[in-house]
Amino acid sequence: MSEITPETVAAHGLTPEEHARIRAILGREPNLVELGIFSVMWSEHCSYKSSKVHLRRLPTEAPWVVCGPGENAGVVDIGEGLVAVFKMESHNHPSFIEPYQGAATGVGGILRDVFTMGARPVALLDALRFGDPAHPRTRHLLAGVVAGIGGYGNCVGVPTVGGETTFHRRYDGNILVNAMCVGIARRDRVFYARAAGVGNPVVYVGAKTGRDGIHGATMASAEFSEDAEAKRPTVQVGDPFTEKLLIEACLELMAQDCIVAIQDMGAAGLTSSSFEMAARGGTGIELDLDRVPLREEGMSPYEILLSESQERMLMVLREGREAEARRIFAKWELDFAVIGRVTDTGRLVVRHGGTVVADVPVAAVAEAAPVYDRPCTPPPRPVPVVCHDAAVPVTPEEALLGLVGAPDLASRRWIFQQYDWQVMADTVLGPGMADAAVVRVHGTDRALALTTDCTPRYCEADPFEGGKQAVAEAFRNLCAVGARPLAVTDCLNFGNPERPRIMGQFAAAVDGMAEACRALDFPVVSGNVSFYNETDGRAIPPTPQVGGLGLLEEVDRATGLAFDRPDLLLVLVGLGHGWLSCSLFLREILGREEGAPPPVDLALERRHGTFVREQIAKGRVRACHDLSDGGLAVALAEMCLASGIGARLVIPDGVPGRFGWLFGEDQGRYLLAVTPEDAPLLLAEARAAGVVARTVARTGGDALILGDGPPISLDELRARHEGFFARLMDE
Amino acid sequence: MRAAVVTFPGSNCDRDLAVAMERVFGRPVRRLWHGETELPADLDLVGLPGGFTYGDYLRPGAIAARSPIVREIVRFARRGGLVLGICNGFQILTEAGLLPGALVRNRRLLFVCRSVRLRVETTDSPFTRAFPQGAEITVPVAHHDGNYLADAGTLARLEDEGRIAFRYLDNPNGSARDIAGILGEGRNVLGMMPHPERVCDPRLGGTDGVPLFRSLLEAVAGGGS
Amino acid sequence: MRARVEIRFRPGVLDPEAAAIARALGHLGFAGVRGVRRAKVLEIDLATEDADAARAEVERMCEVLLANPVIETYRIELLDRG
Amino acid sequence: MRARVEIRFRPGVLDPEAAAIARALGHLGFAGVRGVRRAKVLEIDLATEDADAARAEVERMCEVLLANPVIETYRIELLDRG
Ligand SMILES: Nc1ncnc2c1ncn2[C@@H]1O[C@H](COP(=O)(O)OP(=O)(O)O)[C@@H](O)[C@H]1O
Ligand SMILES: [Mg+2]
């Protein structure tokens, strides 16, 4: 075994102090395999060493939470003996290197996190951030990422029902690909990754192990082989077909009483899966690498342990049930191998070729994992900028046409048409149809509502308010379809945590999220942190992506964007102050990226959300949309486009600024379509509930009219809305 | 109506198809595994569902078309049994030689999932008899390889024999003559790219697929096509 | 023995992927591209060392699975094990 | 001038399609199949008749569009116009 030099240690991303700690734990110098194990277990990705102290501040509990952070995915009760299992994860860097495979394997990974807990995956969402549309790579990255997400999700047969896509030059060198998966399981059949039962077999299932994505740091150590370059592709290739078989086989086995613990092999593959199972269960595990199904010849123990080959799972079975399990995996033509046992030694002992190649104490490694409270520079609190009507060189109609065709607001049809969002035949409201996707819980009258949200320009200006806003917008999008918001998953994408400014952004965003989650009773049950999203010292805007899940008890109440008829009244819920600071209007129309984002009043947010949900439950709301980017005018335009029916918006006398009234992004607001008969009741109940609500528009015709301005035909509006992607992607 | 739906490795609309059939037929649908070497003796209808059998590797439907059960389905069809192939099921039927032509990559090369308008071109089949003549319906497509092609002679014969069951009004994939679905020579086999099973439940945005399944029910109750 | 099977669309079958590649090359400024055709190659390692047996076996593989005669033609070549 | 580009996965990159084809051949009774590898071939007709210019141009096409260097390698061959 080669000698461990300071260079080897550094190449494994470990500091000299961490190296010393390893020596103290082992009572000796680690060998290379052990160094590899520590390197991945103590990596930022696996250990959350920079984020842990902050993540503790997020609320994680509620009566309906069955399992919070710490397992493969979060679990919440959705009634009728069922639970929803969900999580979001990033695959940013791989998607930048190889957009198709990077995004595809991102989807594969998040699916495994969900079905490993015994849930059948029922929906996928994707939150994407690209660079400037004019940047030469953007088109290629966008095409590849979308094809990869579709290529994987469509093939496994899980509908991709929603997501988010925005563009900003600050993502030119660091795109974000965050994928969320939601599954449904029986409450009494949730599986955890906690090894138990000394002597129980440890079983490997799925695809064979190759030299995929082996920890980049190790490339530096020359002693592996001369042709290391050729032998070690760092890009993993996904095989959705095998994943589909793996889902079916695992769920079939889970219906039997064979499994003690199960864990997917994600980052750091066999190492982290076996380690985490043992750590959670307080046991030891013995592995025999000679029994691992391999795709290539001559793989070293180091490579086998650290391979990130996709579509693999590790299980602990009840002793004596191997044959039954093997039969199921044989039926699905998947590899199945007993590769080890659970022990009571508390150590991970790995053998290869008859000798022990690694022997490390599990609990000590987990407990001694470094935790850093890194220096934080609190972000400055920006001041709002004001924008007077006189400073706007365009008409409101021109501004609206500009906004609906802007990269961040244009129709995403080009994207979601490449996703099968209907497979499984339970998608009630798909992409482009509502503020949140609505997926029926198969065989019941219930439905889940799903959304992803974050407004990076707010987070950049003020990470605390931005973090709050991301949670509040998710909450609002769920309420807007009539769902009761239950819980949140997140994916916190930031720059280099070793820089105090970045760490300050992170801490503030987490604080903002925590405050909103607490106020809205909307706990975080799973999540993921992605640091080091920066190139040449330029970080992405802070992007704490939030994934929200809500529950509708009556699927028939699910409410979309589209009016179903003319002569409906549109009621605006919530009060606007014409907040244009940090708005999309300011950026797209006036070319100014500045000022404080709109503050979120969490008490109002909650009150308004509850009111909207109650009105929807009473069957009074024919269509609903929350107000977000682009404010009232854009929300109304989107509703008109979704329904093919026009509307006339009445601008009240005496508003301080027309542009602020039309395009301001004050938070906590909704637009509800109601019949003239229902409107008085709804308005009276609003008053009683302390909710500001007023009628602002009436549906009808085939144009959108802003106040006494000229009509904007829906055809023109649509051409602008659809034009951006058509131009960008079809030349 | 005694119907069955086959599951191959990689099928993913098998449940959807069975649910839609059960909804319209009002009775349970058998589920068959691709490895089975015999069909149940008393079947009226076999459904080949959508999905990505064998990951669409080699050619969509190619590997599944060589399964033991497909040999039996070919025999069943030759005896006059009803066979419905949707999306990947259509691809399997062409690969198995039960239907002429082939389905290749969409002209724009992208996967396409959206609703399309179709015209029912013939009501003279056990799959379409419950539609009004010339009916226009809205049915979703979701595929990467739905671009139907066949040689000129085959296309002419399909037209002459009235075997084009459905035509796109807004062709999403470049199919020759806007073909969305075709009948076999005996009119007892239908392959189509759009997914009628996705529009059998008003909650999912439409019921335009129901007449297709009702046609089958009538055909079987009426003792043949 | 190793066999190499080259499978391509029959003449006259429009290949949208080849057409797209030709178009993309044009857009990228490769003005001299007159046309693009595509084929796929499968290299199959066989147990047998008998050339005739190998060819016959691969011929059957093509008929049974590897090529779709409605749209494709194929050509088999035997290679020394590389 | 016609160029022929053969593109294949780098060694070690998973090729699930090739594996599925090998498995399918096995199921169909071709017991002698030891392994399958896949490649794709692009035949490009070029305006130029200068071999060096053609090779340089196709080399650039591979870099810019045709091959994905992260997972693929390619080989260029010049053919007489067939
Ligand atoms: N990457 C994506 N994948 C799938 N659907 C997407 C994606 N990006 C946007 N969408 C869908 O497009 C629609 C419009 O997106 P967006 O403008 O972000 O909605 P909203 O403002 O209502 O939150 C939504 O239905 C959303 O789910
Ligand atoms: Mg919204």
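Here is the naming used below: chain letters follow the sequence lines, and residue numbers restart at 1 for every chain. Both backbone and side-chain heavy atoms feed into the values below; hydrogens, waters and symmetry mates do not. What you see is a predicted model, and the numbers here were worked out from it, not measured in a lab.
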Atom CZ of residue position Arg31(B) - does it have more than 12 heavy atoms of other residues, nucleotides or ligands inside 6.0 Å?
yes
Any sub-3.5 Å donor-acceptor pair from Arg107(B)'s side-chain atoms to Pro16(C)'s backbone N or O?
no
Under 4.5 Å from a heavy atom of chain C, the part of Leu58(B) involved:
both
Return the minimal non-hydrogen interatomic distance between Glu17(C) and Leu109(B), and the atom names on each side.
CG-CD2, 3.5 Å
Examine whether an atom of Arg105(B) lies under 4.5 Å from a heavy atom of chain C, and if so say whether it belongs to the side chain, the backbone or both; otherwise answer neither.
both
Enter the distance from Leu14(C):CG to Leu149(B):CG here, rounded to the nearest 0.5 Å.
8.5 Å
Which heavy atom of Leu65(C) sits nearest to which heavy atom of Arg66(B), and what is that distance?
CD1-CD, 3.7 Å
Tell me if the CZ atom of Arg75(C) is crowded by more than 12 foreign heavy atoms within 6.0 Å.
no
Check each atom of Asn106(B) against the heavy atoms of chain C and say whether the ones under 4.5 Å are side chain, backbone, both or neither.
backbone
Glu36(B) CD: over 12 foreign heavy atoms closer than 6.0 Å
yes
From NZ (Lys40(C)) to CZ (Arg59(B)), nearest 0.5 Å
6.0 Å
Heavy-atom proximity to chain B below 4.5 Å, by part of Leu42(C)
side chain
Measure Ile71(C) against the heavy atoms of chain B and call it side chain, backbone, both or neither at under 4.5 Å.
side chain
